[in-house]
Amino acid sequence: MLEEAEKRKKTEEKRLPPLPGAEEGRVVTRFAPNPDFVIHLGNARPAILSHEYAVMYKGRFILRFEDTDPRTKTPLPEAYEAIREDLRWLGIRWDEEYIQSLRMEIYYEYARRLIELGGAYVDDKPAQVFREYRNSGRLSQYPPRLRSVEENLELWDKMLEGSYGEGEAVLRVKTDPDHPDPSIRDWVAFRIIDTSRYPHPLTGDKYIVWPTYNFAAGVDDHLLGVTHILRAREHRQNTMKQEYLYRYMGWRYPHVVHFGRLKLEGFIMSKSLMKSLAAEGEEVRLDDPRFATIAGLRRRGILPETIRRIIIDVGVKQTDASISYTNLASLNRSLVDPEARRLIAVIDPVQLVIHGVPEPVKAEIPYHPSKPDMGSRVLVLEAPTAKAYIQRSDAEQLKVGDMVRLMEAVNIVITRKTRDRVEAKYHSRSIEEARRASAPIIQWVPASTKTLVTILKPEGLRIETLQGLGEPEPKARIGEIVQFMRIGFARIDAIRRTSGQPEIVAIYAHD
RNA sequence: GCCGCGGUAGUAUAGCCCGGCCAAGUAUGCGGGCCUUUCAAGCCCGUGACCCGGGUUCAAAUCCCGGCCGCGGCACCA
């Protein structure tokens with residue numbers, strides 16, 4: 001218990017700054033992903049922050065899928081559940097869930113209301129014509145904008161009935177026609193998507209008139225009682241657009257916090273790059289450890305708590321942040337180190353023969369150096385001649401005459417060395433002897449082992465493969481995060497049999 | 001080009017709103033030491049930053065102006 005408290009203190013987390021205008025019990029936040037892909041660290045930021053604030057103020061947290069573009073951002077049927085899974089894994093629980101494509105009638109109703117209030121009009125001119133008016137400062141004289149409410153309601157019904165094809169009509173919100181930012185002038189609230197050609201995975205071709213992000217999100221944020229919106233800076237203009245809608249409806253716009261972009265150094269974050277890797281014929285999964293997807297980080301042995309802390313640590317600044325993997329790894333290490341069992345693997349093994357061993361050596365090696373309660377296992381060296389494997393990188397450091405200690409076992413002196421074989425003679429048993437000689441300590445496995453160990457090490461776009469041998473009877477579980485002694489932390493990704501031999505496949509996390 | 005936002009050590013962040021207690025805190029990295037049967041963890045010491053230039057002021061990282069640089073938006077995407 002005491003130890004637990006100390007650990008908490010050591011890895012103490014930073015707290016989030018107060019939310020403007022927040023009252024305990026009255027805060028409602030939401031995370032609104034587009035289910036066209038899984039989420040990555042960048043999307044996880046608003047999810048974590050929104051959830052965190054809802055918890056901090058004992059409010060509500062909403063998950064809302066924004067799937068109102070079946071054409072250019074076609075929702076992926078499996079993404080809905082994959083996103084839920086990622087959120088659950090991150091420790092995020094939501095009080096309510098909504099899917100926008102299932103709320104279309106609501107948006108239609110509010111569209112009608114907005115038209116009745118004179119806040120929107122149907123534009124059935126080609127987009128090019130609108131742009132000419134808008135960009136030449138004559139938007140206030142744009143003929144469709146001058147239509148009566150009655151006429152607009154009629155045309156709106158025609159849109160819903162399917163009288164227009166794609167691109168033939170949109171519903172626009174009337175804004176300041178001379179707004180300094182042209183993109184804000186009379187923005188589009190609804191457009192037509194031919195769902196017979198681009199069916200929606202949830203609603204098929206039932207609807208052809210679809211709300212844009214700004215309309216659907218704007219309406220929902222009000223209807224669901226959202227009080228605080230946390231979103232990336234690229235939405236700043238959207239906030240201004242939606243405020244027009246709120247003004248017409250007499251609603252109060254939620255508090256908004258904008259933050260900058262997030263990059264994770266050394267990881268692939270771009271969706272298009274992920275997809276192009278797949279196109280190159282590589283076998284690519286969304287949880288590829290080279291990707292900064294939540295699933296990819298999970299597979300690589302990054303804990304949800306690490307992600308949570310790093311997001312809170314980065315906070316809500318407007319500047320872009322580039323998280324260095326060193327920092328993320330350090331945080332993860334501090335969380336994982338107390339729990340990770342120490343396993344042994346020798347990469348690129350070299351045979352070691354030890355002569356003159358006086359009696360068999362049973363080395364009892366604890367699974368964690370400072371936690372005896374995590375147990376131990378016994379590795380054996382035979383007598384009078386013991387055979388083992390050591391790592392090539394270690395063998396290369398050794399010269400004839402050098403003393404080296406096999407971890408938890410014996411001290412030996414090198415007598416002969418060839419490329420693939422090292423011979424040595426027994427020297428002594430005790431650690432003190434090794435210390436006196438300043439002998440290095442290296443890990444080893446008995447020659448009788450059959451266990452193959454493969455460690456996949458993501459390096460930018462590449463994945464390096466480390467092949468070696470492991471303990472004779474490794475007790476590892478899939479999903480477990482272990483530390484391979486003197487190699488680094490890794491997550492056990494698979495345990496299988498390769499031509500009769502057990503094989504552990506692990507994905508390297510960090511040293 | 002037009003709108004908008006921002007610039008604190010290698011990285012991230014605190015401080016900036018309400019100028020002095022900041023010759024700038026913390027984490028990570030890096031250098032050195034201690035400890036240690038891992039190149040992990042732990043402990044100690046050290047290292048390193050206010051974009052530039054003006055102005056206001058007794059006093060500016062903090063306020064004002066200009067410049068430079070970075071980023072976002074300018075979609076019938078979200």
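For clarity, every value in this text was computed on a predicted model and none was experimentally measured. Chain naming here is simple, since letters A, B, ... match the order of the sequence lines and numbering starts at 1 in each. Below, all heavy atoms of this structure are taken into account, side chains as well, without hydrogens, waters or symmetry copies.
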Next item on the list: Report yes if a side-chain nitrogen or oxygen of A:R333 is closer than 4.0 Å to either non-bridging phosphate oxygen (OP1 or OP2) of B:A41; otherwise report no.
Entry: yes
Do the side-chain N and O atoms of A:D220 and A:Y107 include a donor-acceptor pair separated by under 3.5 angstrom? yes
Using a heavy-atom cut-off of 4.0 Å across all strands, would you classify A:N238 as base, sugar-phosphate, or nothing?
base
Exercise. So what does A:E408 touch, heavy atoms closer than 4.0 Å: a base, only the sugar-phosphate, or nothing?
Worked result: base
Give a yes/no answer on whether the side chain of A:R15 brings an N or O atom under 4.0 Å of OP1 or OP2 in B:U13. no
| Under 4.5 Å between any side-chain heavy atoms of A:Y164 and A:I208, yes or no? | no
Given the options A:R134, A:R131, A:R191, A:R172, A:D123 meets salt bridge (Lys or Arg N to Asp or Glu O under 4.0 Å) only with A:R172
Taken to the nearest whole Å, NZ/A:K317 to P/B:G72 is 17 Å
When rounded to whole Å, the CZ to P distance for the pair A:R342 and B:A41 reads 9 Å
| query | How would you label the contact of A:G315 with the nucleic acid (heavy atoms, under 4.0 Å): base, sugar-phosphate, or nothing? | reply | nothing
Testing B:C77, B:U13, B:G4 for proximity to the side chain of A:Q237, the answer is B:G4
Checking all strands, does A:D394 fall into the base, sugar-phosphate, or nothing category for heavy-atom contacts under 4.0 angstrom? base
RNA chain B nearest-nucleotide lookup for A:P369 and A:V316: closer to the 5′ end is A:V316
Taken to the nearest whole Å, CG/A:D220 to P/B:A78 is 13 Å
Testing B:C71, B:C76, B:G73 for proximity to the side chain of A:S183, the answer is B:G73
Rounded to whole Å, the CG-P distance (A:D181 to B:G73) equals 12 Å
Worksheet entry | N/O donor-acceptor pair, side chain A:Q483 with base B:U38, under 3.5 angstrom | yes
C1' gap between B:C5 and B:G25, integer Å
27 Å
Taken to the nearest whole Å, CG/A:L41 to P/B:A12 is 14 Å
May I ask you to say what A:N327 touches in the nucleic acid, namely base, sugar-phosphate or nothing, with a heavy-atom cut-off under 4.0 Å?
base
Just to be sure I understand the rule, does A:I441 reach a base, reach only the sugar-phosphate, or reach nothing, if contact means heavy atoms closer than 4.0 Å?
sugar-phosphate
Closest to the 5' end of RNA chain B, once A:I310 and A:I487 are matched to their nearest nucleotides, is A:I310
* Asked: Expressed as a whole number of Å, how far does the C1' atom of B:C58 sit from that of B:U8?
  -> 26 Å
Legend entry - Heavy-atom side-chain contact between A:N411 and A:Y426 under 4.5 Å: no
The single option from A:F65, A:W210, A:Y207 that satisfies ring pair (Phe, Tyr, Trp, His ring centres under 6.0 Å) with A:H200 is A:W210
Whole-Å distance, A:N332 CG to B:U11 C1', equals 17 Å
A:H368 NE2 to B:A40 P, in whole Å, measures 14 Å
- request: Describe the nucleic acid contact of A:R236 in one word from base, sugar-phosphate, nothing, applying a heavy-atom distance below 4.0 Å.
  value: sugar-phosphate
I want to check a possible cation-pi pair here: A:R300 against A:Y325, using under 6.0 Å from ring centre and within 45° of the ring axis as the test. yes
Taking only N and O in the side chain of A:T68, is any of them less than 4.0 Å away from OP1 or OP2 of B:A78? yes
- Would you mind classifying the nucleic acid contact of A:V170 as base, sugar-phosphate or nothing, using non-hydrogen atoms under 4.0 angstrom? base
Regarding A:F489, tell me which of base, sugar-phosphate or nothing describes its non-hydrogen contacts under 4.0 Å with the strands shown. sugar-phosphate
Picking from B:G29, B:A40, B:C77, the nucleotide nearest the side-chain atoms of A:D337 would be B:A40
Picking from B:G29, B:A78, B:C76, the nucleotide nearest the side-chain atoms of A:T326 would be B:G29
Of B:C76, B:C74, B:A78, the nucleotide closest to the side chain of A:R131 is B:C76
The side chain to side chain donor-acceptor pair (under 3.5 Å) partner of A:N332 among A:H510, A:E305, A:R309 is A:H510
Contact class for A:H179 (heavy atom, under 4.0 Å): base, sugar-phosphate, or nothing? nothing
